[in-house]
Chemist: 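My questions all concern the structure below.
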Amino acid sequence: MGSFSIWHWLIVLLIVVMVFGTKKLKNMGSDLGGAVKGFKDGMKDGQADADGTTNTAAPGGHVTNNASADKATIDVEAKQKS
């Protein structure tokens, strides 16, 4: 009753192929491979960013501290309603 034998796994594989079909399983496998490749590339880019070797500019949409900013600028998030 411990682990499944090879025959159990073959029957499960046959049922999965019958339910999903070989074309859909092939597409699912290529999608999964692409996702893993994208994840690995993202990890490499993240590692390079952490080392400071690439892309030193601030990400788009982020406000940076600028000493020469106009004093009349109002921080909308910090302003409270009265």
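Positions are given from 1, in the same order as the sequence printed here. Because the structure is predicted, anything quoted here is derived from the model rather than measured.
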Chemist: Please test Leu32 against Met28 for side-chain contact (heavy atoms from CB on, under 4.5 Å), starting from the C-alpha separation and ending with a verdict.
Modeler: CA-CA 6 Å; Leu32 181 63; Met28 197 180 332; 5.9 Å; no
Chemist: Under a single-linkage definition using a 4.5 Å side-chain heavy-atom cutoff for Ile, Leu, Val, Met, Phe, Trp and Tyr, are Val17 and Phe20 assigned to the same hydrophobic cluster?
Modeler: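 In one cluster: yes.
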Chemist: Under the side-chain contact (heavy atoms from CB on, under 4.5 Å) rule, collect the residues that match up with Ile15, sequence neighbours excluded.
Modeler: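 Scan of Ile15 (side-chain contact (heavy atoms from CB on, under 4.5 Å), adjacent residues dropped) gives Ile11, Val19.
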Chemist: Keeping to residues at least two apart or across chains, list the side chain to side chain donor-acceptor pair (under 3.5 Å) pairs with something in residues 7-16.
Modeler: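 Every pair satisfying side chain to side chain donor-acceptor pair (under 3.5 Å) with a residue in residues 7-16: Ser5-His8.
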Chemist: Rounded to the nearest 0.5 Å, how far apart are CG of Leu25 and NZ of Lys23?
Modeler: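 Spacing of CG (Leu25) from NZ (Lys23) equals 12.5 Å.
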